[in-house]
Amino acid sequence: MKNRREFMQTGFKALCLCASGGFLATLALKADEGYFLRPPGAEDEKRFLSLCIRCGLCVKACPYDTLKLASVFDSPKNGTPFFEARKTPCYLCEDIPCIRECPTNALDHQYLEREKGVLELKMGIAILDSASCVAHWGVQCDACYRACPLIDKALKLELKRNERTAKHAFLLPVVDHEVCVGCGLCERACITEEPAIRVLPREYVLGRAGTNYVKGWDKQDEQRLKDADTSKKNEQNKARDYLNSEDLL
Amino acid sequence: MRYLLLRRAVQLGILACLGFSSLDFIAKGDLSSSVWFDTIPLSDPFAFLQIVLASLSIDAAVLSGALIIAFVYAVFLGRAFCAWVCPINLITDLAAFVRKKFGFKSSKFVILHKNLRYLVLILCLVLSFALSLPVFESISYIGIVQRGIIFGSVSWLFVAFVIFCIDSFLSPRAICSHFCPLGAFYALISRFALLKVKHKAQNCTKCYKCIEICPEKQVLFMVGKESKSVSSGECIRCGRCIEVCDDDALVFNILDLRSKK
C-alpha cells in the first residue's frame, strides 16, 4: 500500500468481491427443494420447463394475482410461474386466461378446447392430515368441503359414528383423487393454524400399481388376458434341487 | 451525450412500459416474450431457439414474435439490443465508469478470450437439446435482472451487484463482451444489418477517444487508417464513439450506397 487512496480502493474492491462471492455461495448451498404448485396446464413438469420462456404473461393474465414468478431465492426454477395455495389459491376461471396468454404452449392450450376445460386440470391433489383435522376430532367443521368448487365430487363428507360420545357423528372430509383438480381453495379455507388439508403436486403423492395387475371385475381390463401366454415356464428341476445347489431363486 | 440520453430513455422506457400495470395496454410480459398493444407478439429469438431445441416443438405465437425481433435486428438495427434495450448494459456501463474513475487494474487471474461467448452460445444450444431445458434461460442473469425490475422483486439486486463486481474488479467488460451468449447470438445474426457506424479517415485526427470508450474495441480497427464502415456484427450501435469524436469522423449511416455516390 503506497497511500491511503490505494488502500481505500483495494479495501473497497475486496469488500465488494467478498460480498458477491458470499452471495453466490449462499445460492449454491441453498439446495432445499420445497414443493410448489404450477399454474393450470403445466402437469408434466419436464415438458413445462422445456417450454416455459419465463415471460410472466400468465402472471399478468391472472385476475386474482394467484401466480408469481419465482425469484432467485424461491425454490421453483428461477423465473417460472408458481402459486402457493395457502396464500392465494387458483380460483379456476372458466376461460383460463393464464393458458390463453401463454405464448409457448408451456401451459397446455388443449385445455381451452376440451369439453370440461377447467375441471379437467390436474395441478395437484388435496391431502388430508386426519391427526390435525378438527372434523376427525369430532368438532363440526366443513370449511374445506364448502370451499371446494367441486363440492360433493372432489371433496365429499363421510358420515361415521362417534364412538367416544356414542351419540354424535363424525363428518369426515374425503378427497376423490380422480376428480380433485388441485386448486387449493380447501387449503386456503382450512381453519387450523397450519392447514390440515394441503394441495401437493401429484407426483409427490400418487403411486402407480404397475401394469401386471389385471382387474377381474373389469371387462375391458380382462380382455388383456385373451392372448396371454399361460404356459408355465418354471424349471421343475430347479424347484427340486434348490436345496442342493443353494440357489433359492 | 444525446445518444447516451436517448439510449437510457429507451432502456428505461421499455422497462417502464412492461413494468407498470397501468401501462398494460401498451405492453405486457417481459423481455423474453411480450405482447405490445394487445396484438404484436415479440419474443427473444435466442430463447425461442433454445425452447425449440429443448421441446422439439414450435408454437405459432412465439415463433412470429421471435421472427419479428430477429428480422428487425438482422436487417436494420444490428446488435442494438445490447446497447438500447438490455438492462444489464446499465450495470456494465456503470461498472466501466467506476473502473475508469477509480483506476482499477484488471485481475491477472481472470483473462477471458473474446470468442468465449461463441463457445458459451454453442454450449447453451447443445445443452438445451441434451437436457430438454432452455439452459441459458434458467440461469440467465439478463432474465433475473429484467424480470426483477419488471415484476418488482428485490433479489435481482444481488445478481446485479455480482455482475457489477465482476465487471469493475475482475475483468473489464467481462459479462457483455466476453461471456454473454445472447450478445454473441445477436452479433452472429446482425453481420449484415443496414445501420452502421461509418468512419471517415479524412476527418480523423487519431486521438483514439473512440477506441478508448468503445465497449467492443476490436470493431474499430480501421480508425485512423481507412474510410470504412464498421462491418462487424459485434458493434452494439451504442453511438458512444460518435459522441466522443470531436472531428465528425464517425457517423451513423443507414446505407453504404448513399455515401458512395
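No hydrogens, no waters, no symmetry mates; every other heavy atom, side chains included, goes into these values. Order of the sequence lines fixes the chain letters, A, B, ..., with proteins taken first and strands second; residue numbering starts at 1 for each chain.
- The shortest side-chain heavy-atom distance between B/Glu137 and A/Asn78 does not fall under the 4.5 Å cut-off.
- Here the straight-line distance linking atom CZ of A/Phe12 with atom CZ of B/Phe102 works out to 5.5 Å at 0.5 Å rounding.
- Tested against A/Phe23, the residues B/Phe164, B/Phe158, B/Phe161 include a single ring pair (Phe, Tyr, Trp, His ring centres under 6.0 Å) partner, B/Phe158.
- For B/Lys114, the NZ atom sits in a packed shell: over 12 heavy atoms of surrounding residues, nucleotides or ligands are nearer than 6.0 Å.
- Between the CD1 atom in B/Ile51 and the OG1 atom in A/Thr104 there is a gap of 5.0 Å [rounded to 0.5 Å].
- For B/Phe151, the part lying near chain A is the side chain, with the backbone staying farther off; criterion is any non-hydrogen pair under 4.5 Å.
- Comparing B/Ala61, B/Ser33, B/Ser21 by heavy-atom pairs within less than 4.5 Å of chain A, the highest count is held by B/Ser33.
- Interface remark: A/Cys52 contributes backbone atoms only to the contact with chain B (heavy atom separation under 4.5 Å).
- With respect to chain B, the highest number of heavy-atom pairs below 4.5 Å among A/Ser20, A/Cys55, A/Gly79, A/Cys16 belongs to A/Cys55.
- The neighbour count for A/Arg5 CZ, taken as heavy atoms of other residues, nucleotides or ligands under 6.0 Å away, does not exceed 12.
- Residue contact with chain A, scored on non-hydrogen atoms closer than 4.5 Å, is absent for B/Val52.
- A/Ser50 has its side chain out of reach of B/Leu133: every pair of non-hydrogen atoms, C-beta onward, lies at least 4.5 Å apart.
- For the atom pair CD1 (A/Ile53) and CG (B/Asp30), the distance works out to 8.5 Å, reported to the nearest 0.5 Å.
- When the candidates B/Gly148, B/Ser34, B/Ser138, B/Ser132 are compared by the number of heavy-atom contacts under 4.5 Å with chain A, B/Ser138 comes out ahead.
- Residues B/Leu170 and A/Leu17 form a side-chain contact, since some pair of their non-hydrogen atoms from C-beta on lies under 4.5 Å apart.
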- Message: Please determine whether side chain to side chain contact (heavy atoms under 4.5 Å, CB included) holds for the pair B/Trp156 and A/Ser71, giving the CA-CA distance in whole Å, both sets of side-chain angles, and the decisive distance to 0.1 Å.
- Response: CA-CA 8 Å; B/Trp156 69 273; A/Ser71 74; over 6 Å; no
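- Taking A/Lys60, A/Gln9, A/Arg54 one by one and counting their heavy-atom pairs under 4.5 Å with chain B, the maximum is reached by A/Arg54.
- The minimum heavy-atom distance linking B/Asp59 with A/Pro103 is given by the pair OD2-O, 2.9 Å.
- Using a 4.5 Å cut-off between heavy atoms, A/Leu51 touches chain B through backbone and side chain atoms alike.
- Counting heavy-atom neighbours within 6.0 Å of A/Asn212 CG, excluding the residue itself, gives a total above 12.
- Crowding of B/Glu212 atom CD: a count of heavy atoms from other residues, nucleotides or ligands under 6.0 Å not exceeding 12.
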